[in-house]
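Report on the structure given below.
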4 protein chains.
Amino acid sequence: MLYFSCDYAEGCHPKVLEALTLTNMESTPGYGEDDYCDRAKEKIRQYINCPNADIYFLVGGTQTNQTVIDSILSNCDGVVAAATGHVAVHEAGAIEYSGHKVITIPGHDGKIAPLELKQMLIDHYADESAEHMVNPGMVYISYPTEYGTLYSKQELEDISSICREYEIPLFIDGARLAYGLAAADDITMKDIAALSDVFYIGGTKVGALFGEAVVFTKGNTPKHMITQIKQHGALLAKGRLLGIQFAALFTDDLYMKMGKHAVECASSIRKALVEKGYQLYVPNPTNQIFVVMDNSKLKAFGKEVAYGFWEKYDDTHTVIRIATSWATQNDAVEALKKIL
Amino acid sequence: MLYFSCDYAEGCHPKVLEALTLTNMESTPGYGEDDYCDRAKEKIRQYINCPNADIYFLVGGTQTNQTVIDSILSNCDGVVAAATGHVAVHEAGAIEYSGHKVITIPGHDGKIAPLELKQMLIDHYADESAEHMVNPGMVYISYPTEYGTLYSKQELEDISSICREYEIPLFIDGARLAYGLAAADDITMKDIAALSDVFYIGGTKVGALFGEAVVFTKGNTPKHMITQIKQHGALLAKGRLLGIQFAALFTDDLYMKMGKHAVECASSIRKALVEKGYQLYVPNPTNQIFVVMDNSKLKAFGKEVAYGFWEKYDDTHTVIRIATSWATQNDAVEALKKIL
Amino acid sequence: MLYFSCDYAEGCHPKVLEALTLTNMESTPGYGEDDYCDRAKEKIRQYINCPNADIYFLVGGTQTNQTVIDSILSNCDGVVAAATGHVAVHEAGAIEYSGHKVITIPGHDGKIAPLELKQMLIDHYADESAEHMVNPGMVYISYPTEYGTLYSKQELEDISSICREYEIPLFIDGARLAYGLAAADDITMKDIAALSDVFYIGGTKVGALFGEAVVFTKGNTPKHMITQIKQHGALLAKGRLLGIQFAALFTDDLYMKMGKHAVECASSIRKALVEKGYQLYVPNPTNQIFVVMDNSKLKAFGKEVAYGFWEKYDDTHTVIRIATSWATQNDAVEALKKIL
Amino acid sequence: MLYFSCDYAEGCHPKVLEALTLTNMESTPGYGEDDYCDRAKEKIRQYINCPNADIYFLVGGTQTNQTVIDSILSNCDGVVAAATGHVAVHEAGAIEYSGHKVITIPGHDGKIAPLELKQMLIDHYADESAEHMVNPGMVYISYPTEYGTLYSKQELEDISSICREYEIPLFIDGARLAYGLAAADDITMKDIAALSDVFYIGGTKVGALFGEAVVFTKGNTPKHMITQIKQHGALLAKGRLLGIQFAALFTDDLYMKMGKHAVECASSIRKALVEKGYQLYVPNPTNQIFVVMDNSKLKAFGKEVAYGFWEKYDDTHTVIRIATSWATQNDAVEALKKIL
């Protein structure tokens, strides 16, 4: 069986496992107050050229989105997101559970349009009923998006600039950040840091057992942040596990190397798909491929390949997701291409 | 100045004020444990032919929606509503504040379409990611809607039937119930009670100083309902004020008479508008008129008439709301018609 | 039957009813945006000598406590209160429902001790686990307390000073403020305003049908306060009802006159009780009397007097509450004294 | 440096690491839908002789307490706990954040007294104001407690029986369950399962990198439990990591063996302390030792031993915690004893 159903199907990169193994029996303080966390934070600060960034390590994506959004927003604020955004659809209402509305605007292959964002804000503040409505207190975007698409640098600058104008923070969900940056022409993690107020570097989907690094880039860490994390059930007792992993990810450029590998695998598969006449459902350059498959073909395909069901296309076709990752073997890519 | 901007601009109907005045210095127990509340509940039970209905009196609409929805839903349930529904737009996130997502489906002049509701439910349960999504735990509709439109009996039966099939309660927001029923051909409050699991009879907009009567129609009152109301800050100390008012509203058919009066006033104005060539933005038969006005005309109009701004129509036109109510004077209607 | 069970058993003071009646059919904007509210606010600002105070009118006490506390506190803050405080015991968990812990310290006949408050704060910040604990973000006291007792001016100054030192706001619940101020030797509403960051002037228990006036005294109104109020289901549609009532309460010193009347009635009853050898359970100078009664006596007493059950004292005695109010008739006081 | 400050200072037991390493590059479905989780659950079901138990693996203790309590309780329910309980003190208000009050009763060296629990319930339901108070909807105890003490079998039976009588579930927090069971004379994990409605088997403090196994013992799993877990940010993407670890913990009795080892180490240290005349602050038989130390002695001690500060005892003495664990080396125990 070839496994292409998602990018969190394996454990962690061997370098990460090695680091965890080497340090396993050491005794350290808990809750992230250890040296490994400090070192990992310093590596990230240097990498993003943001010496005063405040960094917190959390365990998973939904937890991170919930904790970051809730800790930043005031009571009657909501978070603006694409209607297809992860926080709007696939987090079981974790944002609403924390008391905040997800204010949706259209998603265009997963992306929000700067002009539509601006118009929404203009309309909101022009509305005579604005005081009876949820205040747009934050903008959430994912990079890459849930559809694997990427904002251009210009688009990110425009969104960032609108957020500055309206004095609302921009939060970038980087669950798959390495896969986005590896596929981008003109954007680096430094740009992500510079253009956002807070973003996170996804580890779970990029080589860690688990872990997301939240970066507050502008001296804007909410008060009592450790207490906030604890309150959301998100403070890992053995916090060093996160520090050790992120230190490994940011050693010898491992994080970006894994990103490149996955993107190369995906590009190779994508090329083969196009050559064989398949229709890409949402063209994108990152590690997720959304492709339309004939249902009769799919039945056989599914016996050899574990893929992700995305949605029904029509009565005889289905949209599936083929995801590569740091763990994808070149052999598997070749084998998959033969099956297509 | 003619006042047509909303249906909650005056105090209460003289009969209601009389009842409050007559009882003012009586001493009664608090929190709705008085005889006036009991009597008002009994009157309502008889009126809707629902002898076992459980009835609670709350103060205002948003409070009622928040308390009813939150008390019925489980943690990870959301409430399905039209994208234009009051709970989705104009309650400052009161539902999300209580932890629940408002799951929106399209609003058609304020109404949800039974087939679209059903399709949403089918899609939700067919989705492989359903466990990662908010569970649709309730359907919310307003009667009349925020646009003054009415569901037909068939539509209500269809929605009710879908709710039965999926075993989710149907909640009908009757903030302007009298104005809807007075304009309806084929629906009575008995039908509303029979087809819903819980609904409320709006008093604030129909002759009371304030007050909404929540009716659980199917022996389905949530546990500890008084405690739930208290917890939401919605338990009025001098609860009898609500009982006294609703008893007056349900004496000599006052509630429905007020509804009819407002609808007749609106019909008369609507007829005049059409005759004079105005475009109705959302045609409807109830007490709210949404009409497109030329901005130049509107300037003069606004000096004589207090109206409600609804939204910009185009660069030279505006949609305004003209609302009648139990308090609308026939003289004012005639005066308004002359100004049009 | 003589009615002494609580201070919210009647409607409103005749002057308040008169004001409501006179204005009943006027048309005004909703949600407190009317002139009556403006005038009432101005009267209060003058009365408390606090020209920049921000004032909001809400409907009831629990609602007010919930909205004020939740709008001021950050996520991981709790509110410090006496273990016997209303917010800690008798609000059905309304504060926790809004996400905040009530951090209790001992109540001494309803009062917190300044030294104990200070020690709690010292201990909290000295605790190595402080980051894993709820942050004390506000102090809540009631004046008078739930036991009818009063803080001395010195005590209030001490508590206020501790709050300044730790930069946490002091919130004074004045549900029965008039009854406290009328009984106090050395404290005026100006002092309450000067020493607190936010307090509320109770109307429900002092002559209004309902209504509490929240006063932010230090330019410290939370952002988007109207939206916050709406979100908590606490924004009254016909907001003018609150303005009209508070304007009446603050005309011709009515509020304080009602306070004095109730306190004089209580003092007269209290004196009679002491003369007849009854034991006062919690001695206090305000409108609530807590007295120990022999159960055999109580049985007969209860046939003539509606009183409040407070708690079991021992196997043969019960603590009851006798409450006077603005509505207490002098005849009833004399009749009660004869029965004792 | 000898490390005795806590029981979560190291990574995981070598057997657990071995299992993680062996499976690291396997591809499996996410979110706990893998075979490893199934196998681990089956092992636990057999171990506790509870074939129909529903088991969920979560990451950490506070997260588990928050998710379990919130998923079981209705809106206006609170959870009864000792005033010293972890949920009451050291979880940053995670329970209140989820909307529920922690109703505290006295802790006696960390334990609640069955008679006091019963009296609280009797008093609550006898209180005329019960509807205005938080409903006691669940009882939370920890085994062992935060002070390392243990309930006797009789005490557990009494508490369980009271819960049955009042129809409220009993939740046992087993963050250190192995250390409790290893020290207990007469209680097994089967008893814990039989007497509770839900409990959790702590992994974080007993040999796992992280992980807690929640066991619903009576067919009482809340509806949509996976969605609830997701909503609380507690659903681990690579869920198999939890299954792999718990399968290892429940192979060859590893979990209980680790418990016994830690308890033997603690007993040996405790014996030495008593012989040398130290005062035990809270005598207990489990892996945590609370001992009173002279401050002058402590200064030197702290240079050689990492201990946990507990609290100030008096001006010249401090209570410290010495914790053993599965990772404690016998050499370290002997070295510590020499230093004492």
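Note on naming: letters A, B, ... go to the chains in the order of the sequence lines (proteins, then strands), and numbering restarts at 1 for each one. These values consider heavy atoms only, across backbone and side chains, with no hydrogens, waters or symmetry-generated copies.
Comparing D:H232, D:M225, D:Q228 by how many heavy-atom pairs each has under 4.5 Å with chain B, the most go to D:Q228. Between chain D and the options B:D77, B:L73, B:N75, B:T227, the largest number of non-hydrogen pairs under 4.5 Å is found for B:N75.
Here the closest non-hydrogen pair linking D:A82 and D:T104 is O-CG2, 4.3 Å. What you find for D:A234 and D:L58 is that their closest heavy atoms are CB-CD2, 3.9 Å. Summarising the geometry of D:I105 relative to D:L117, their closest heavy-atom pair is CD1-CA, 3.9 Å, with the distance given to 0.1 Å.
At least one donor-acceptor pair under 3.5 Å links the side chain of B:D197 to the backbone N or O of B:L170.
In this structure, B:E165 pairs ionically with B:K118, as a charged nitrogen and a carboxylate oxygen lie closer than 4.0 Å.
Looking at D:L235, only its side chain comes within 4.5 Å of chain B, counting heavy atoms on both sides. Heavy atoms of D:Q231 lying under 4.5 Å from chain B belong exclusively to its side chain. With a 4.5 Å cut-off on non-hydrogen atoms, D:D70 touches chain B through its backbone and its side chain both. Heavy atoms closer than 4.5 Å to chain B are found in the backbone of D:M133, but not in its side chain.
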